[in-house]
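Here the structure is laid out as structure tokens; the discussion comes afterwards.
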Amino acid sequence: MALSSVGAPTAPSFVGALDWRRIVDWLREDGVIALEEAQRTVARCSQAESRQNPLVRLASVAMARASDGKPLDIEALTEYLAARVGLGYLRIDPLKVDVGKVADTMSASYAERHKVLPVLVTAQEVVVATAEPFITDWVAEVERQARRPVRRVLVNPLDIQRYTVEFFALAKSVRNAQKTSGSLSASSFEQLVELGKTSKQLDANDQGVVKVVDWLWQYAFDQRASDIHLEPRREQGVIRFRIDGVLHPVYQMPMGVMAAMVARIKLLGRMDVMERRRPQDGRIKTRNQRGDEVEMRLSTLPTAFGEKMVMRIFDPDTALKDLDALGFSQHDSERWEQLIARPHGIILVTGPTGSGKTSTLYSTLKRVATEAVNVSTIEDPIEMIEASFNQTQVQPQIDFGFPEGVRALMRQDPDIIMVGEIRDLQTAEMAVQAALTGHLVFSTLHTNDAPSAVTRLMELGIPNYLLNATLIGVLAQRLVRTLCKLCKQPEEGATQDALIEAVKPWKLSGGYHPYQPVGCVDCRMTGFRGRIGLYELLTVSEALKDGITHEPSIDSLRRQAVQDGMRPLRLAGALHVAQGVTTLDEVMASTPPPR
């Protein structure tokens, strides 16, 4: 949520509700619109719905700004009006609103009657959003009830209408849920154990709990969250969303409501609701507001203050992308396409947890999974259901792990096999065996860079000659946040010195157009929106095979890979910095230095 005080001329001496004709006059007087545009607006607005808010009415006309011809949308009109009348302008970020405090400040009926909405409550003041700057008869009453002064800010009337409904409905659902489940939370590990031994059921089907869970999911989808965290604490439960790789606190929930929500989600995920002493996994399919199917992977963990749950969201729109959308440069994209077109061999994708390996593998498999090809996977767990694959999940409790899974898949006449992760020698040996028998095998490893994957396999016990016969490529990757396209600005006076120093001993060529983060409501004032991949692709050439045969060092492997066309992760990031896609700080924090 961005609060900003806009420098303004003296506020007009005006009392009462806004009038759209007066706003048009101000726009013309201040040179925001031309005289002809003002006349056209008056003619069109006279025929519009008379009960509409003046700002909504004018925004529907799409007046052309005199300076650049761009249409004046409702946010631009609200920001202009705030400056004209001497109020602060605000665009509400719901992630930063304490809904509980908002609902305690005034009733829903009062907020709807006066068309106002509290957005920030501190010990010093109450910040209240309004779309009617000259109607102030409610201020004294709110100040008396809140026992602190009111500061008014001007807000888009559509946002006030939307969030008034959402905030008060959520607060009501939480209160209703608390009445029925408030006594059922476990506040310590000992209580959690005892609660798990009893047959006492949380009321997971209470309407208050159902509404809060539905709100949580739709809110997470709307905010582009990749993960939802429900975290029990000593006094309150905390809800956090991971957005673009960064966790954001969203809401504090009474512990009783948090426990009931977890029980509700476990019930929908076909998990054991009564078992709270051991970790569990589950899956849920639901739909977002557009009606698209969204799959979520559930994981619970007993903690000192209760059961913690994390929901990982797999939205097909974001999980399956073209290689260009993933961030591949043309150089690496062409080499990757050549690799995945090979008939057999092992291709590894490496990187730490959360570096986008799954997205890369699923997008690649989606590309090669034609009707003429049998693509089979063995995963732990299945990240996302995809109709064009044959997907199998390991079951360690019945001795069905990765080695057994690969062995079974080889009897299923596959063309392409994806092994979720190579964790031990037995799995590595089965992957090698599959590649030797004419299959293309994809898998993942946890290493810092691509050359380290070769030495990791040798450390596991794979002989050099088998690596030479089967390994055809290794892709290392990272994710970095991308600058918000709406608010990023050129970095004036920036030189290439820091970038050149960061990529030594490599040298940069081409243009340099760095941008810096600014922050707006669309990116939640972070300056970043979305993420992009950085890639380091090692292809196993004949020269590299010779090096592997002679017990190579990691440095010798890296030198040969570079000669064969590999570009380090740091260099891939530097190219995105030069193009104004991300910042040097983001790249430096995510990538190892080139060697």
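What you see is a predicted model, and the numbers here were worked out from it, not measured in a lab.
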Please check if the number of heavy atoms outside Arg224 that lie under 6.0 Å from its CZ is greater than 12.
yes
Around atom CD of Glu371, are there more than 12 heavy atoms from other residues, nucleotides or ligands closer than 6.0 Å?
no
I'd like to check [X] versus [Y] (side-chain heavy atoms, cut-off strictly below 4.5 Å). Are they in contact?
X: Leu534; Y: Phe328; answer: no
X: Leu361; Y: Thr444; answer: yes
X: Phe528; Y: Val246; answer: no

Interatomic spacing from [atom1] in [X] to [atom2] in [Y] - rounded to 0.5 Å:
X: Cys487; Y: Arg529; atom1: SG; atom2: CZ; answer: 10.5 Å
X: Leu348; Y: Phe442; atom1: CG; atom2: CZ; answer: 10.5 Å
X: Gln560; Y: Gln563; atom1: CD; atom2: CD; answer: 4.5 Å
X: Met458; Y: Leu466; atom1: CE; atom2: CG; answer: 11.5 Å

Do NZ/NE/NH1/NH2 and the carboxylate oxygens of [X] and [Y] come within less than 4.0 Å?
X: Glu536; Y: Arg567; value: no
X: Glu275; Y: Arg277; value: yes
X: Arg423; Y: Asp380; value: yes
X: Arg312; Y: Asp227; value: yes

In a check of side chain to side chain contact (heavy atoms under 4.5 Å, CB included) between Leu230 and each of Leu216, Val310, Val238, which one passes?
Leu216
Exactly one candidate in Ile346, Ile347, Asp415 meets side chain to side chain contact (heavy atoms under 4.5 Å, CB included) with Leu440; the answer is Ile347
Is the side chain of Glu586 donor-acceptor paired with the backbone N or O of Arg481 at a distance under 3.5 Å, no angle test?
yes
Would the distance check show the side chain of Lys545 and the main-chain N or O of Tyr465 forming a donor-acceptor pair, the cut-off being under 3.5 Å?
no
Would Met410 and Ile417 satisfy side chain to side chain contact (heavy atoms under 4.5 Å, CB included), going step by step from the backbone distance to the final call?
CA-CA 9 Å; Met410 289 172 63; Ile417 295 173; 4.3 Å; yes
Side-chain donor-acceptor pair under 3.5 Å between [X] and [Y], yes or no?
X: Asp424; Y: Thr427; answer: yes
X: Asp564; Y: Thr539; answer: no
X: His439; Y: Thr437; answer: yes

Between Arg233 and Glu231, is a salt bridge (charged side-chain N to carboxylate O under 4.0 Å, His left out) present by the stated rule, with each step listed?
CA-CA 6 Å; Arg233 304 288 171 83; Glu231 302 175 339; 2.5 Å; yes
Tell me if the centroids of the rings in Tyr251 and Tyr219 come within less than 6.0 Å of each other.
no
